[in-house]
Amino acid sequence: MFKCIALAALTALVMFAPAASAHGGGGGYVYIPIYIPTVPQVPGADVGGYEKVHKVAVLSAIGTKFELEKTAFLQDKLGSLDIASWQIDEHVKDTLSKYLGGKFAFVDVPYDRTKLAPILSTIWHAGEMERFLKTVPNEGVDAFIVVRPDVESGILLESRPTDLAVLWVRYRMDVIDAHTYKTISSSTSRFQVREGTGPEFPGIVVGKDYALDDTMTLPPEKVEKLHKLTVALLDVTLVETIRSLQFVVTLPPVGDHSLLPPPPTSRTAGVKTIAVYSAIGDKLHLHNPGGTLSKDADAEIPIADWGVDADVEAMIRSLLAKNYVFKSPPVDRAALAGKWWAKQGDAPVIAVPATQEVDAFLLVLKDDRKLLSGFGLWRDGNWVNDWTYVAGNYLVLLVDAHTQKPIIAQSAVMS
C-alpha cells in the first residue's frame with residue numbers, strides 16, 4: 001500500500017509538473033493527490049441499465065461561463081471570462097460521440113443551454129430538470145445525456161491567498177430517459193492519475209502565474225493558455241466520468257498521458273539526455289505531533305530494502321522514454337538523501353557533479369523544509385477521532401548538468 005501511494009503521487013508530479021518553478025515562477029501545472037482519510041472522496045456513480053437505450057441526444061451546458069474567484073479572509077472577489085468562442089459544449093458532444101458512438105446513435109435536438117446550466121442537483125432545484133426536459137424534443141430519442149455544472153461555478157479559476165491558482169472543471173453527467181424523465185445513471189466529473197489510486201476531484205494547480213489581482217483580469221496570452229488547459233482537463237475528466245458510468249466501451253487506459261500532455265517550456269528546450277536519481281526511499285519517518293498531554297515524537301525506520309528509489313527511477317524513465325535518452329553518470333546517493341535543500345535556493349547543486357555526459361539530472365529528493373521529510377506515517381486526531389495516514393513531502397528537481405544550477409523544481413506536500 002505504501003509503495004502504491006508513493007508512486008501514485010510521483011506519477012502525478014511527473015505527468016503534470018514539468019514547468020513549475022520552486023521560487024515563485026513557472027507556467028506549468030501540477031495535480032497532487034492527497035491521500036488523507038478525512039478528505040472528502042469523489043462520490044461513486046449511480047449506474048443503471050442501458051438495454052433499452054439505442055439513440056441518445058447530448059445536452060451540454062458547462063461552457064456557458066468561466067468564473068474567476070479570488071478567495072480572501074473577509075470577502076471573495078468574483079469575475080468571469082467570456083468563453084463562447086471556446087465551444088466547450090460542442091467539444092463535450094464530440095468527445096461523447098467519439099467514445100460512445102459504437103454503442104449509441106447520436107441525435108441532434110435543440111435546447112436552451114442558458115436554462116439548463118443553472119439547474120443543479122440539489123433539493124432546491126427539485127423538479128426543475130424534468131420541467132426543462134419536457135421542453136426538449138424527444139422524438140426518436142431514448143435517452144438524454146445531460147452534462148451540466150455540478151456546482152454554481154462549473155469551470156472556475158480559483159486564486160487563493162497564497163497565490164496558488166487552481167483550475168476546476170466540475171460537472172455532472174446524467175443519462176435520463178427521454179420519455180419518463182427518470183434518471184438511468186449519474187456521475188460527477190473526476191479523473192484518475194493511475195490504476196489503483198481511485199478517482200480524484202477534477203482540479204489542477206496551474207501555478208502562481210495565474211494568481212488573480214484585484215482587477216480580476218488576465219492578459220490574452222494567459223487566457224489562451226487557460227483555454228488549452230481547460231480543454232485538456234475536460235478531455236481527461238470526460239474519459240474517467242464515462243468510465244464510471246460503465247457503458248462497456250473501449251476507452252483510453254487510466255492515466256493515459258496523451259490526454260493531458262505536459263506543456264512546453266523554454267527552460268527544458270535543450271534537455272535531451274537525462275540522469276534520473278531518487279533519494280527518498282532510505283527511511284520511513286514516523287511522526288506523532290503530540291497534544292495537550294503528550295509531547296511530539298519522531299522516529300525513523302530503514303526501508304532501503306523496499307526498493308522505493310529503484311521503482312521511482314524506473315517509473316520516471318518509463319514516463320519520459322518517448323522524449324529523452326537516459327544515462328547514469330555516478331552520483332553520491334548519500335549526499336542526495338541528506339538534508340540540504342532548505343538552504344539551497346538557486347545556488348549550484350553540488351550534490352551532483354558537473355558533467356558533459358548528460359544535459360540534466362532529474363532528482364527526486366526529500367523536502368527537508370517540512371516537518372515530515374520524505375515519506376512516513378503521520379498520526380493526527382483530536383478528542384473524538386484518532387488516525388494515522390501515509391504522507392509524503394518530497395520534490396522533483398531538474399538540474400542543469402553543465403552548470404549544476406536548478407532549472408525547475410516542484411514540491412509534493414501534504415495538504
Within 6.0 angstrom of [X] [atom1], more than 12 heavy atoms from elsewhere:
X: Lys77; atom1: NZ; value: no
X: Glu357; atom1: CD; value: yes
X: Gln75; atom1: CD; value: no

Taking [X] for the side chain and [Y] for the main chain, is one N or O donor matched with an acceptor at less than 3.5 Å?
X: Ser159; Y: Leu212; result: yes
X: Gln404; Y: Val352; result: yes
X: Tyr50; Y: Lys103; result: no
X: Asp400; Y: Ala360; result: no
X: Asp89; Y: Ala61; result: yes
X: Thr237; Y: Phe191; result: no

Less than 4.5 Å apart, side chain to side chain, heavy atoms only: is that true for [X] and [Y]?
X: His287; Y: Arg379; result: no
X: Ile316; Y: Val364; result: yes
X: Ser97; Y: Phe104; result: no
X: Lys65; Y: Ile155; result: no
X: Phe66; Y: Leu167; result: yes
X: Tyr171; Y: Ser189; result: yes
X: Leu398; Y: Phe361; result: no
X: Val175; Y: Thr183; result: no

Could you walk me through whether Phe144 and Val56 satisfy the side-chain contact (heavy atoms from CB on, under 4.5 Å) test, starting with their C-alpha distance in whole Å, then the side-chain angles of each, then the deciding distance to 0.1 Å, before giving a yes or no?
CA-CA 5 Å; Phe144 298 116; Val56 299; over 6 Å; no

How long is the gap from [atom1] on [X] to [atom2] on [Y], to the nearest 0.5 Å?
X: Leu362; Y: Leu397; atom1: CG; atom2: CG; answer: 8.0 Å
X: Thr355; Y: Lys327; atom1: OG1; atom2: NZ; answer: 9.0 Å
X: Phe106; Y: Leu96; atom1: CZ; atom2: CG; answer: 6.0 Å
X: Ile176; Y: Leu133; atom1: CD1; atom2: CG; answer: 5.0 Å
X: Lys70; Y: Leu78; atom1: NZ; atom2: CG; answer: 12.0 Å
X: Glu67; Y: Met216; atom1: CD; atom2: CE; answer: 10.0 Å

Minimum heavy-atom separation for [X] and [Y], please, with both atom names.
X: Val349; Y: Pro406; answer: CG2-CG, 4.0 Å
X: Thr64; Y: Ala117; answer: OG1-CB, 3.8 Å
X: Ala178; Y: Val141; answer: CB-O, 3.4 Å
X: Val42; Y: Glu200; answer: CG2-C, 3.4 Å

Go through the steps to decide whether Lys272 and Val325 satisfy the test side-chain contact (heavy atoms from CB on, under 4.5 Å), and finish with yes or no.
CA-CA 6 Å; Lys272 304 298 182 184; Val325 174; over 6 Å; no

side-chain hydrogen bond (donor to acceptor under 3.5 Å, both in side chains) partner of Thr217, chosen from Thr215, Asp214, Asp213:
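Of the listed residues Thr215, Asp214, Asp213, the side-chain hydrogen bond (donor to acceptor under 3.5 Å, both in side chains) partner of Thr217 is Thr215.
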
Any luck finding a side-chain donor-acceptor pair between [X] and [Y] under 3.5 Å?
X: Asp235; Y: His91; result: yes
X: Asp76; Y: Thr71; result: no
X: Arg243; Y: Thr241; result: no
X: Ser186; Y: Asp46; result: no

List the steps, then state whether side-chain contact (heavy atoms from CB on, under 4.5 Å) holds for Thr95 with Val239.
CA-CA 9 Å; Thr95 303; Val239 167; 5.6 Å; no

Should the pair Tyr394 and Phe375 be assigned to parallel (<30°), tilted (30 to 60°) or perpendicular (>60°) ring geometry?
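Rings of Tyr394 and Phe375: tilted, 30 to 60°.
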
Salt bridge between [X] and [Y], side-chain N to carboxylate O under 4.0 Å?
X: Asp282; Y: Arg333; answer: no
X: Asp150; Y: Arg172; answer: yes
X: Glu128; Y: Arg148; answer: no
X: Glu158; Y: Arg160; answer: yes

Tell me, with the steps shown, if Val399 and Ile407 meet side-chain contact (heavy atoms from CB on, under 4.5 Å).
CA-CA 5 Å; Val399 179; Ile407 300 174; 6.0 Å; no

